[in-house]
Each structure stands twice: as C-alpha cells, then as structure tokens.
Novice: 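For reference, the structure I am asking about is given below.
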Number of protein chains: 2
Amino acid sequence: MPDSHYTDVRALHLFEAMDAGSFETLMRGSYVQNFPPQIELITEGEPSDFLHVVLSGAVDLFASWNGRETSMATVRPISTFILAATIKDAPYLMSARTLEKSRIALIPSQDVRAVFDTDNAFARAMVTELAHCYRSVVKAQKDLKLRSSLERLANYLLRQQARAGGAADFALNFEKRRLAAVLGMSPENLSRAFKGLKAYGVQVDGTQVTIRDPEDLARLAKPSPLIDDPTL
Amino acid sequence: MPDSHYTDVRALHLFEAMDAGSFETLMRGSYVQNFPPQIELITEGEPSDFLHVVLSGAVDLFASWNGRETSMATVRPISTFILAATIKDAPYLMSARTLEKSRIALIPSQDVRAVFDTDNAFARAMVTELAHCYRSVVKAQKDLKLRSSLERLANYLLRQQARAGGAADFALNFEKRRLAAVLGMSPENLSRAFKGLKAYGVQVDGTQVTIRDPEDLARLAKPSPLIDDPTL
DNA sequence: TGGCGGAGTTGACATGAATCAAGTTTCACA
DNA sequence: TGTGAAACTTGATTCATGTCAACTCCGCCA
C-alpha cells in the first residue's frame, strides 16, 4: 500500500488511537484496491483472510442458501466489514459485492489478530466498531421485519433526503434494480411502491426524486430513531 | 450479589480472563435475580443501565414499530445481551422478555464501561463476545430471510435433536405458541407446519417429538453450518 | 362429575409480495 | 440519427402467511 493511503486509513476511528508501530505493521501487509461495481469481494463459507475497509463507494453484504439469495446490509464509507469473522478466525457468514465503484483496503486477518493481541488501544477501538456493526444489523433487521415494502421505501427516501442535506429533491445513488435488492423487494414491486408514494407527494423522474411534502411522507413512513438513525 | 454467584459469573468467557480487582468492582454493584416466564426485562429506547447475563433459562429479544412486534433472537445461557448498547452508552434497540423461568445477572453499565477502560483482558474478551453476538444475529437473519416457515421448523427440530444428544425423540422446551413466536410464525401456521413434516417422518405428541428418519428430514431442511452451527 | 377455560387445531378467507409475461422507455453507440 | 439491449413499468396470476372464526381436546376444580 503506497504511503499516500496510510493517512486515509489512519483517520478511521478503528485505527486512529492505536500505536504507530502497530499501525505500521498492519499497513505493511495491506493494500488498497479500486473495484468496479458488481464485483464479488468475498464469498460466504470461505476463511477470513482479509479485513476489508470501505474507503469510498458502497458494498452489499448478502447471503445465500439453497439457491436463494438475500441482501443483508449495505456498508458505506467509512467502515469495515467482516471484522467479526476476522477476529474469530471463523468463516465468513456473508458474501460481499461492490454496489458502486469502490475503493477498498485489505488488511491480512492474521496481522489484525496479532496486533489485536498486543495493542490495547486497537482492541478497544475494535469493541466500538463491532458494537456499531452489531447495531447496524439489528436496525436493518427491524426495518425489514417490521415494515412493508412501501414503508421501507418511504423511510429510505427520508433517510436519503437527510443525507443529501434535506433539499426537497435529490438523486438516488443506486439504479432502481439495485435499490430494490437493497430494500429487499423485487424491481417490479419497487416500481409499484414508487407509484404508491405519489399519493404522498413523491415525484420520481429517473434517479431524481422530489419530496413535495416531507410531513406528509413522514406520516406514512413513521421514521423511528431506533431504526433510522445511523448514529445511534 | 451473594458470593456464591461470583464463581458462576466468573466462569463465563467474558469475565474469566479479567483482573480479579476489576471483577470484584463489577460484582459489587451487580446482582442476580430469578424471573418467571414472560417478564419484560428491558424496553427498546430506554437507556442501557445494566448489562444482562443469562445464567439459565432463555430470553427473547424482540422489537416493535407502529404497533407491530417481531422476535429478533433468542438468548440462551450462557451469554450476555445488550452488550453493544452498554458499551456505546446508547439506548436499547430491542426489548427483552424471559421465555422461561430464568436466572439473570445484572451489572451496572457504568461499571462495565469503567472497567472496560482500564482492564485490557476484559476489553479483549468483550471483542470476542460482541463478535459472537453479531454473528448470532446474522445467522438468525439468514434463517429468517432465506427459509420458509416449514424449513425453519425442520431445521429447528434438527438443532434441538442435536442439542438433546441426538436421540430420535426429545421434548420441545417451549410451549407451541411460544415456539411459533421464536420461529417467526403464527401458532396456526406452526400447527400446519408440523402436519406438513409428517411426510418427512416427524411425529409430534404434545411436546414430545420423534424424528423417524433424520436423513429424510435433513433432505428437506438442508441444514447449513453457516446458519445452524451455534459454535461458528 | 359437569362445565369452564385455555391451548391447539382446522378451514375459509384476505393480503402482501414474488413471479411471469408483455409492453415501453431510455440510452449508448454505430 | 437509427437501432438494439437493458432498465423499467404494467397487468395477471400464484404462493406463502397472516387473520378470523369455529371446533376439539384436555385438565382442573367447585
């Protein structure tokens, strides 16, 4: 990994408090790579050789069984994934693929485990990171199990709007079939869901979305910080 | 907490490597309590005052939104729950209730955070525990999203059989309506699912289950270690 | 011992969402 | 600027599950 990337990675919460020597050890064996969209980065069941860090772009974590497949979570910068598998030295439970063009740091798992054993600050940062991952999955599961597809879309749009700075109109950052997968529904159903949201003042033109009356949409969406607040 | 409980708690992986003084600090403020079935221990949204440890019995983690409720995971001895909320000092994302008569240790969250800051062995143990919790939720989510209710029941029975030592017949440890909630289906549907499993050699008499031909049942259930192995 | 009540079952029906099969629009590229 | 492929939409149908209501079974105890 060229030195220019060191500072980017070092800025991540997971790495910022750790000892300089430990950090150097991790970086020596690691590298950063750019991936195009739709590349499968890891496959469930395989041993966890690398800790992955999404520096930019987005990664979809998904799982398969008996010929079926489902999206589990979306990882956005800047965070790690498969940290749990790495630290337990256990096989991946999920597969991962890039949703967009993404820049990803790969750090050998054995180095991570070695540094974890010696660097206390790193061990502590890892707790915070794992707790965050855990809570993200829980929130995603609540979104999925408690809401209908229409409600999931409504809340997704409100979250996107907030992320985009609160403007009445903003762009979807996925193509629609991808968004459907992320929201756990078929593309056909997403189409119908968008149509259903017209009644709540949502206009869609390609990837451009306009929310006429956020209050109205929120009455349907009923957003809850315990599901929708990414900082919690 | 009477001294007699100290050894039980100390035996847990999370607490076994930590400094004796730190352990003493945690135990001083904590207590063990027996709860009858169906008691709500914590409610989502509340601040995380205590780290809970299930010593015996079983606890259901569930979540609600907009009048709906869903079971998220079942916690069995010996493990903790809401560790992530405790360490982040963030509100609970899930509620918890006892499924059976349960013995639960309650450790003040602020003590846990204080000891976490000073005891390196404890911080490391916490990483393992959190990684385990994370992977448990992921497995539960896979079970739920990828399998039909019939398949979930079939796999549940095979897991129970393994837990009971592999004998052809064993007892369900829940009453059926409770089992239905755990498996994420209505009691009516569970009834139908059991009937559907007759064709695969499953006999049910009250809470007593007999699996005539595990091979046959496994052909339907298609158990996968990446979902069903509790040690992974 | 009769009858009350709760768990469990069963059948009829409603609903949400996936699937299938056409269409239609969009857009890159010749 | 035309054309083909891919993305998207739409309608019809199917499937899994939940819901509602009736009914059985069984134990308990007045």
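Labels below follow one simple rule: chain letters A, B, ... track the order of the sequence lines, proteins then strands, and each chain is numbered from 1. Please read all numbers here as calculations on a predicted model, not as lab measurements.
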Novice: Over how many whole Å does the gap from B/Leu183 atom CG to D/dG18 atom C1' extend?
Specialist: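 About 16 Å, once rounded to whole Å.
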Novice: Regarding B/Gly196, tell me which of base, sugar-phosphate or nothing describes its non-hydrogen contacts under 4.0 Å with the strands shown.
Specialist: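 Nothing, no heavy atom under 4.0 Å.
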Novice: Of the options D/dA7, D/dT10, C/dA7, whose atoms approach the side-chain atoms of A/Glu175 most closely?
Specialist: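 Selected nucleotide: D/dA7.
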Novice: Please report the distance, rounded to the nearest Å, between CZ in B/Arg68 and C1' in D/dT19.
Specialist: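 B/Arg68 atom CZ is separated from D/dT19 atom C1' by 15 Å.
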Novice: When the distance from CD of B/Glu188 to P of D/dG18 is rounded to whole Å, what number comes out?
Specialist: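 Distance, rounded to whole Å: 9 Å.
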Novice: Take atom CZ of B/Arg177 and atom P of C/dG5, then tell me their distance rounded to the nearest Å.
Specialist: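 Spelled out: CZ on B/Arg177 to P on C/dG5 is 16 Å.
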Novice: Between the main-chain N or O of B/Gln38 and the side-chain N or O of B/Thr98, is there a donor-acceptor pair closer than 3.5 Å?
Specialist: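 Such a contact is found between B/Thr98 side chain and B/Gln38 backbone.
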Novice: How many whole angstroms separate atom CD of B/Glu151 from atom P of D/dA16?
Specialist: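 So the two atoms are 10 Å apart, to the nearest Å.
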Novice: Is the terminal nitrogen or CZ of B/Arg219 (NZ for Lys, CZ for Arg) located under 6.0 angstrom from the six-membered ring centre of B/Tyr200 and within 45° of that ring's axis?
Specialist: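 No, B/Arg219 does not sit over the ring of B/Tyr200.
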Novice: Within the 4.0 Å heavy-atom criterion, would you say B/Ser148 contacts the bases, only the backbone, or no part of the nucleic acid?
Specialist: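 Contact class for B/Ser148: sugar-phosphate only.
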Novice: Using heavy atoms to find the nearest nucleotide of DNA chain C for A/Leu150 and B/Arg178 separately, return the residue whose nucleotide is more 5′.
Specialist: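 That would be B/Arg178.
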Novice: Phosphate oxygens OP1/OP2 of D/dT9: is one of them under 4.0 Å from a side-chain N or O of A/Lys195?
Specialist: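 No, outside the criterion.
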Novice: Could you tell me how far apart B/Asp205 (CG) and D/dC26 (P) are, to the nearest whole angstrom?
Specialist: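 Interatomic distance, CG of B/Asp205 to P of D/dC26: 10 Å.
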Novice: Please tell me if B/Lys145 has a side-chain N or O lying less than 4.0 Å from either OP1 or OP2 of C/dA17.
Specialist: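 For C/dA17, OP1/OP2 do not have a side-chain N/O of B/Lys145 under 4.0 Å.
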Novice: Roughly, in whole Å, what's the span from CZ in B/Phe174 to P in C/dA7?
Specialist: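 The answer, rounded to whole Å, is 16 Å.
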Novice: Taking the side chain of B/Ser186 as heavy atoms from C-beta outward, which of C/dG11, D/dG18, D/dT10 is closest to it?
Specialist: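 Given the options C/dG11, D/dG18, D/dT10, the side chain of B/Ser186 is closest to D/dG18.
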Novice: Does A/Arg192 get its side chain close enough to the base of C/dT19, under 3.5 Å, for a donor-acceptor pair?
Specialist: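 Per atom types, the contact qualifies.
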Novice: Looking across every strand, which nucleic acid part, if any, lies under 4.0 Å from A/Ser149 by heavy atom: base, sugar-phosphate, or nothing?
Specialist: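 Sugar-phosphate contact only - A/Ser149 comes under 4.0 Å of backbone atoms but never of a base.
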Novice: Regarding A/Gly184, tell me which of base, sugar-phosphate or nothing describes its non-hydrogen contacts under 4.0 Å with the strands shown.
Specialist: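 It contacts sugar-phosphate atoms only.
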Novice: So for atom CZ, which belongs to A/Arg212, do other residues, nucleotides or ligands contribute more than 12 heavy atoms lying within a distance under 6.0 Å?
Specialist: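 No.
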Novice: Pick out which of A/Thr43, A/Leu41, A/Leu61 makes a side-chain contact (heavy atoms from CB on, under 4.5 Å) with A/Ser95.
Specialist: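 It is A/Thr43; the other options fail the test.
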Novice: Check the distance between D/dC26's P and B/Lys176's NZ and give it to me in whole angstrom.
Specialist: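 For the pair B/Lys176 NZ and D/dC26 P, the rounded distance is 12 Å.
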Novice: Other residues, nucleotides and ligands only: do more than 12 of their heavy atoms fall within 6.0 Å of NE2 on B/His132?
Specialist: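 Incorrect, the count does not exceed 12.
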Novice: When you measure from the side chain of B/Asn189, which nucleotide among D/dT10, D/dA7, D/dG18 comes out closest?
Specialist: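 Comparing D/dT10, D/dA7, D/dG18 against the side chain of B/Asn189, the answer is D/dG18.
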